[in-house]
Amino acid sequence: MKYVTEFRDAQLVKQTVEKIRASVTQPWALMEICGGQTHAIRRYGIDEMLPKEIELVHGPGCPVCVTPLEQIDKALALASLPDVIFTSYGDMLRVPGSGRDLFTVRAEGGDVRVVYSPLDAVTLAQSNPDKQVIFFGIGFETTAPANAMAVFQAARLGLKNFSLLGSHVRVPPAMHAILGSEHSRVQGFLAAGHVCAVMGYWEYPPIAEQYQTPIVVTGFEPLDLLQGVQAAVGMLEAGEVGVENAYARVVTFEGNKEAQKLINTVFEVCDRKWRGIGNIPLSGWGIRPEYAQYDAEKRFDVAGIQSEESPVCIAGQILQGLKKPHECPAFGTLCTPQHPLGATMVSSEGTCAAYYQYRDVSVASEVQRD
Amino acid sequence: MCLGVPGKLTEIYEANGLRMGKVDFGGVFREACLEYLPEVKAGDYVIIHVGFAISQLSEKEAAETLAVLLEISDIDAELGVAHEAAVSPLSTSGEEGSGVRGIQT
């Protein structure tokens with residue numbers, strides 16, 4: 001496939017790894033923020049190829065994983081209501097709430113449907129005027145434009161039976177939280193390529209400056225990831241701080257202004273709780289008062305739901321890069337993708353799921369390396 | 001953080017008042033909303049995430065990146081860095097379809 005295959009060329013991958021090896025003189029810890037990148041790293045064994053001085057620490061960039069338990073429990077309550085069609089991205093259906101998940105609600109008779117695009121949920125609302133259609137709109141900056149458009153379109157069409165249960169999070173406040181933590185080991189960031197496709201990277205220079213940490217906008221194919229590592233290590237070795245773009249075929253400094261405009265039309269910045277981590281100030285987007293009638297939490301009475309996490313699961317530490325999945329006693333035993341204790345084991349971007357899925361090829365050597 | 005998938009825009013049309021298009025992911029076709037890329041035209045490559053085109057792929061930048069990488073490898077060859085015969089890419093296309101459905105950061 002064009003623009004995919006070329007960036008997986010084994011020969012160029014090997015040469016880039018050699019370049020990195022030649023430039024490294026001391027240990028460095030880099031964090032890839034995005035869960036999609038974590039999976040690519042495990043899938044292609046990128047972390048195994050790199051010289052042992054370079055450690056890739058996995059970040060919180062899995063929207064399914066950081067969606068707070070309360071929001072899952074609210075989703076479960078809403079999906080159980082009569083005359084409701086509850087729509088969601090597929091990843092959310094197996095995420096455990098307090099005791100059950102959306103699949104269970106569906107098995108008990110709830111009308112829970114997976115949609116590919118939030119606009120499909122709007123179409124469902126148009127064709128089912130006697131039902132309330134709720135869309136579970138979670139995600140980072142990459143997904144926010146799609147969810148914002150669903151609300152905007154519902155308003156434009158004058159739909160009275162569409163609403164969004166939102167849980168949007170933003171990357172820059174999470175970077176502040178990670179770098180500002182006294183436990184942080186992160187010396188350089190691989191910034192998430194598709195978040196930057198939407199938002200650009202104009203928000204990053206002040207972060208790089210404040211924490212004296214290089215940030216490299218990085219893509220998802222093996223060569224993209226290695227170029228990100230190469231640029232970050234290059235800056236660290238040279239004692240430089242700054243922001244570089246190693247994914248220029250997709251990302252510009254300004255990002256997608258049309259998308260940013262609609263996000264700001266429909267959403268406003270708010271505090272947000274991250275599952276396993278806690279509250280991060282100004283780290284989310286909530287629906288603006290002008291669009292309040294499309295906010296499922298205002299339309300239905302679910303605002304009072306409070307929830308408690310499983311005490312066994314260490315997802316919070318994993319999401320902050322403080323621990324790796326194989327350090328969890330429940331990993332692969334009590335906690336598997338079929339019976340997950342935490343969302344990091346469920347999502348196609350979750351770190352625990354990545355380690356579980358590719359455990360045969362990598363975990364043994366990971367343990368050895370540690 | 002999010003998996004977006006590159007595809008070629010093959011057709012542009014309007015549906016429900018929105019600018020939409022058909023995108024070819026190596027033989028698999030899907031509909032995508034083009035509202036965020038008002039300038040994009042048929043034949044362009046775009047990154048699609050949850051049914052929305054979020055970025056037009058710059059063919060120029062892609063070519064430059066690959067040219068820089070290939071140039072480095074030519075220099076290596078001249079300097080005598082050991083090269084092995086080119087092996088097949090790490091992965092073949094065809095599995096990208098699975099990425100089209102997921103939601104990513």
Side-chain angles (χ1 to χ4, degrees), chain A residues 1-6 8-16 18-19 33-37 44 61-64 89-92 116-120 122-123 126 138-140 142-143 145-146 149 153 156-157 171 192 194-195 197-198 220 222-223 227 248-251 256 258-259 262 348-349, chain B residues 1-8 15-18 20 25-27 30-33 35-38 45 47 49-52 54-66 69-70 72-73 76 81 83-94 96 98-105:
Chain A
M1 206 159 85
K2 202 173 175 195
Y3 300 118
V4 172
T5 317
E6 304 93 304
R8 293 179 183 177
D9 183 278
Q11 175 86 343
L12 291 178
V13 162
K14 211 168 159 217
Q15 282 156 11
T16 311
E18 285 310 315
K19 291 280 158 202
I33 297 173
C34 171
Q37 290 172 330
Y44 297 110
C62 162
V64 174
Y89 297 118
D91 289 19
M92 296 306 289
Y116 164 62
S117 160
L119 289 179
D120 297 341
V122 176
T123 307
Q126 273 182 295
I138 67 144
F140 278 84
T142 323
T143 317
M149 183 63 82
Q153 176 72 348
R156 221 168 51 101
L157 296 170
V171 166
H194 291 147
V195 164
V198 172
F220 296 80
L223 274 174
Q227 283 193 298
R249 69 182 183 281
V250 171
V251 175
N256 186 326
E258 294 290 330
L262 200 77
S348 60
E349 284 183 295
Chain B
M1 323 191 290
C2 305
L3 193 65
V5 185
K8 188 178 187 175
N16 243 337
L18 296 176
M20 306 293 286
F25 302 99
R30 291 209 81 136
E31 185 176 60
C33 178
E35 283 289 316
Y36 295 127
L37 296 178
Y45 278 81
I47 298 285
H49 175 67
V50 295
F52 282 73
I54 53 169
S55 173
Q56 182 181 344
L57 209 138
S58 163
E59 304 197 29
K60 183 170 155 279
E61 291 287 355
E64 277 176 19
T65 302
L66 287 170
L69 284 165
L70 286 165
I72 290 171
S73 75
D76 285 351
V81 174
H83 275 197
E84 287 176 17
V87 289
S88 60
L90 292 175
S91 173
T92 53
S93 59
E96 275 72 41
S98 60
V100 177
R101 271 179 208 91
I103 166 183
Q104 267 92 17
T105 41

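Order of the sequence lines fixes the chain letters, A, B, ..., with proteins taken first and strands second; residue numbering starts at 1 for each chain.
Of the two parts of A:Val250, the backbone and the side chain both hold a non-hydrogen atom closer than 4.5 Å to a non-hydrogen atom of chain B. Heavy-atom distances place the side chain of B:Leu66, and not its backbone, under 4.5 Å from chain A. With a threshold of 4.5 angstrom between heavy atoms, B:Ile54 approaches chain A through its backbone and through its side chain. For chain A, the nearby part of B:Phe52 is the side chain; its heavy atoms alone come within less than 4.5 Å. Residue B:Glu64 does not touch chain A at all, counting heavy-atom pairs closer than 4.5 Å.
In this structure a side-chain-to-backbone donor-acceptor pair under 3.5 Å is missing from A:Asp91 to A:Val64. Judged by distance alone, the side chain of A:Asp120 and the main-chain N or O of A:Ser117 form a donor-acceptor pair under 3.5 Å. When atom types are taken as modelled, the side chain of B:Asn16 and the backbone of B:Leu18 share no donor-acceptor pair closer than 3.5 angstrom.
A ring-centre distance under 6.0 Å is found for A:His194 and A:Phe220.
The cationic group of A:Arg249 does not satisfy the cation-pi geometry with A:Tyr3, failing either the under 6.0 Å distance to the six-membered ring centre or the 45° limit from the ring axis.
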